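These notes concern the structure reproduced below.
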Number of protein chains: 2
Amino acid sequence: MAAEQLTIGDLAKATDTKVETIRYYERIALLPAPGRTRGNYRSYSPEQLGRLSFIRRARDLGFSLAQVRELLSLSDQRRRSCEAVDAIAREHLAGVDRKIADLAALRRELGSIISQCGHGTVAECRIIEALSPIPTVVHRKSGKPDLRC
Amino acid sequence: MAAEQLTIGDLAKATDTKVETIRYYERIALLPAPGRTRGNYRSYSPEQLGRLSFIRRARDLGFSLAQVRELLSLSDQRRRSCEAVDAIAREHLAGVDRKIADLAALRRELGSIISQCGHGTVAECRIIEALSPIPTVVHRKSGKPDLRC
DNA sequence: ATTGACCCTGTAGTTGCTACAGGGTCCATA
DNA sequence: TATGGACCCTGTAGCAACTACAGGGTCAAT
């Protein structure tokens, strides 16, 4: 392989990505199909390494592949205002904030359920109990049963 | 349909679950196959409603289907100690804590990247820059490129 | 010549649903 | 009695974002 060129394994090591994942990115056209060697091995330029690093970094930060795709296409239009880039990042940040809030609420509830466990038998277990809301079943004369927790 | 029996739609409404999801739970044997009416409609007992409620509540609390399966099988052994139940719940709680910590770290990093955006052109955009660590090329044996901004 | 590490394609699995397509059933109303 | 609409049935395929083979080919060193 020529001096500057890299195998898929090199790329994988450099970016801490599985070889299969790189081929997957190629299949979904996130990475352009690289050249091939005489033996039909993929042969990457350093530029492709940069592109893959970008993708992996964005993925590590929790951007979806759709967002990554958009960021990549924006980053190619160097003279444009970076407003759209900023918007994507802010939107993602808001999503992360929502997720944190949701998990915090969940954590509180889970913690309180666990704290009630008296370590007795399953029959008396408060955890199981807390997970078993019994919905009331009300059969109405003129229609479908009305059921709620 | 007999007095106490419920259709799949009743169950869906009562537990805020899609009909397809209930059939999916049956397919993966999380719910037992119910009886059928003459017209081949699924016919559920209130007991099945309780089981589905349990599943949905646990899912809402972030337990995986594998964990739900385990909790369900434990909850059937009423005379056992609830140690195992407690362990699953605690393990899940620890997982939630890890996720919160990860997201908080991500949030900090994302926030700092965004704050550096000068709102100029894409060429000068710090967000894109922060996402584009240029890895050192060539065949390295150990370590990966420094992907920090 | 042989080994072993690497590469190739293609397909199927993962998790937890969700969305049809193409039919059948049930019941109230005209 | 016919018909319309709401509900139900099975089966299959799709989503994200990979991951894991199977069954082979290539390459460099010994």
Side-chain angles (χ1 to χ4, degrees), chain A residues 1-2 5-31 33-44 48 52 54-72 92 95 99 140-145 147, chain B residues 1-2 5-31 33-44 48 52 54-72 92 95 99 139-141:
Chain A
M1 188 157 292
Q5 294 300 103
L6 304 160
T7 66
I8 197 169
D10 293 335
L11 236 68
K13 256 173 234 147
T15 60
D16 199 19
T17 307
K18 295 232 155 73
V19 164
E20 287 95 338
T21 303
I22 300 177
R23 288 198 281 246
Y24 167 71
Y25 288 161
E26 180 182 327
R27 209 162 57 245
I28 63 170
L30 210 57
L31 283 176
R36 298 289 179 126
T37 64
R38 251 191 356 275
N40 200 30
Y41 284 17
R42 285 172 180 80
S43 172
Y44 296 93
Q48 292 317 304
L52 179 55
F54 182 105
I55 295 169
R56 294 303 286 179
R57 173 84 176 120
R59 292 288 302 127
D60 279 352
L61 287 169
F63 289 91
S64 70
L65 286 185
Q67 286 175 316
V68 172
R69 212 184 280 277
E70 212 171 335
L71 286 172
L72 276 170
H92 179 47
K99 238 179 238 165
R140 276 180 288 157
K141 280 274 138 63
S142 62
K144 295 277 156 189
L147 308 151
Chain B
M1 187 158 297
Q5 295 300 104
L6 304 161
T7 66
I8 197 170
D10 294 335
L11 237 69
K13 256 175 233 144
T15 59
D16 199 20
T17 307
K18 294 232 154 74
V19 164
E20 286 95 338
T21 303
I22 300 177
R23 287 197 281 246
Y24 168 70
Y25 288 161
E26 180 182 328
R27 208 163 58 245
I28 63 170
L30 210 56
L31 282 176
R36 297 292 179 125
T37 64
R38 254 190 353 275
N40 200 31
Y41 283 17
R42 285 172 180 80
S43 173
Y44 296 93
Q48 292 318 305
L52 179 56
F54 182 105
I55 295 170
R56 295 304 286 181
R57 174 92 174 108
R59 292 288 302 128
D60 279 352
L61 286 169
F63 288 91
S64 71
L65 286 184
Q67 286 175 315
V68 172
R69 212 183 280 277
E70 214 170 336
L71 287 172
L72 276 170
H92 179 46
K99 237 180 240 166
H139 315 73
R140 58 239 319 295
K141 267 287 128 94

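Please read all numbers here as calculations on a predicted model, not as lab measurements. FYI, side chains are in, hydrogens and waters are out, and symmetry mates aren't considered; it's all heavy atoms of this structure.
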Problem set entry | B/S/- contact track for nucleotides 12-19 of chain C, protein heavy atom under 4.0 Å | ----BBBB
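Computed from coordinates, the A/Ile55 CD1 to D/dA17 P distance equals 13 Å when rounded to whole Å. A/Gln67 places its CD atom 14 Å from the C1' atom of D/dA17, with the value rounded to the nearest Å. Regarding A/Tyr41, its OH atom lies at a distance of 11 Å from the P atom of C/dT9, rounded to whole Å. Between the P atom of D/dC7 and the CD atom of B/Gln5 lies a distance of 19 Å, rounded to the nearest Å. If you take CZ of A/Arg36 and P of D/dG25, they are 16 Å apart, rounded to a whole angstrom. One can place CG of B/Asp10 at 17 Å from P of D/dA6, the figure rounded to the nearest angstrom. Across the protein-nucleic acid pair, A/Tyr44 atom OH and C/dC8 atom C1' stand 12 Å apart, rounded to whole Å. Taking atom CG on B/Asn40 and atom C1' on C/dC26, their separation rounds to 14 Å, with Å as the unit.
Counting any heavy atom pair closer than 4.0 Å across all strands shown, B/Ile8 reaches sugar-phosphate atoms only and no base atom.
With sequence neighbours excluded, the residues satisfying side-chain hydrogen bond (donor to acceptor under 3.5 Å, both in side chains) with A/Tyr25 are A/Arg56. The side-chain contact (heavy atoms from CB on, under 4.5 Å) test applied to B/Lys18 returns B/Glu20, B/Thr21, not counting sequence neighbours. Residues forming a side-chain hydrogen bond (donor to acceptor under 3.5 Å, both in side chains) with A/Arg36 (at least two apart in sequence, or on another chain): A/Asn40. Remark: A/Glu26 pairs with A/Arg42 by the salt bridge (Lys or Arg N to Asp or Glu O under 4.0 Å) rule, at least two apart or across chains.
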Output a table of donor-acceptor pairs, distance under 3.5 Å, between side-chain atoms of residues 57-68 of chain B and any protein atom two or more places apart or on a different chain; print 'none' if there are none.
from, atom 1, to, atom 2, distance (Å)
B/Arg57, NE, A/Ala130, O, 3.3
B/Arg57, NH1, A/Glu109, OE2, 3.2
B/Arg57, NH2, A/Glu109, OE2, 2.6
B/Arg59, NH1, B/Phe63, O, 2.4
B/Ser64, OG, B/Ala66, N, 3.4
B/Ser64, OG, B/Gln67, N, 3.1
B/Gln67, OE1, B/Ser64, N, 2.9

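Taking every side-chain heavy atom of B/Thr7 into account, D/dC8 is the closest of D/dT10, D/dC8, C/dC8.
Taking CG of A/Leu52 as the reference point, atom CG of A/Asp16 lies at 10.5 Å (rounded to 0.5 Å).
Two end axes, each from the C1' atoms of five base pairs, can be drawn for the helix from C/dA1-D/dT30 to C/dA30-D/dT1; they diverge by 30°, to 10 degrees.
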For this session: Please assess A/Leu72 against A/Phe54 for the test side-chain contact (heavy atoms from CB on, under 4.5 Å), listing each intermediate value before the final yes or no.
Result: CA-CA 8 Å; A/Leu72 276 170; A/Phe54 182 105; 3.7 Å; yes
Exercise. Can you check side-chain contact (heavy atoms from CB on, under 4.5 Å) on B/Gln48 and B/Leu6, steps first, answer last?
Worked result: CA-CA 9 Å; B/Gln48 292 318 305; B/Leu6 304 161; over 6 Å; no
Exercise. Checking side-chain contact (heavy atoms from CB on, under 4.5 Å) for the pair B/Thr17/B/Ile55: CA distance, chi angles, key distance, verdict?
Worked result: CA-CA 11 Å; B/Thr17 307; B/Ile55 295 170; over 6 Å; no
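Proximity of B/Arg38 to the phosphate of C/dT25: no side-chain N or O atom is located under 4.0 Å from OP1 or OP2. For B/Arg23, a side-chain nitrogen or oxygen approaches OP1 or OP2 of D/dC9 to under 4.0 Å.
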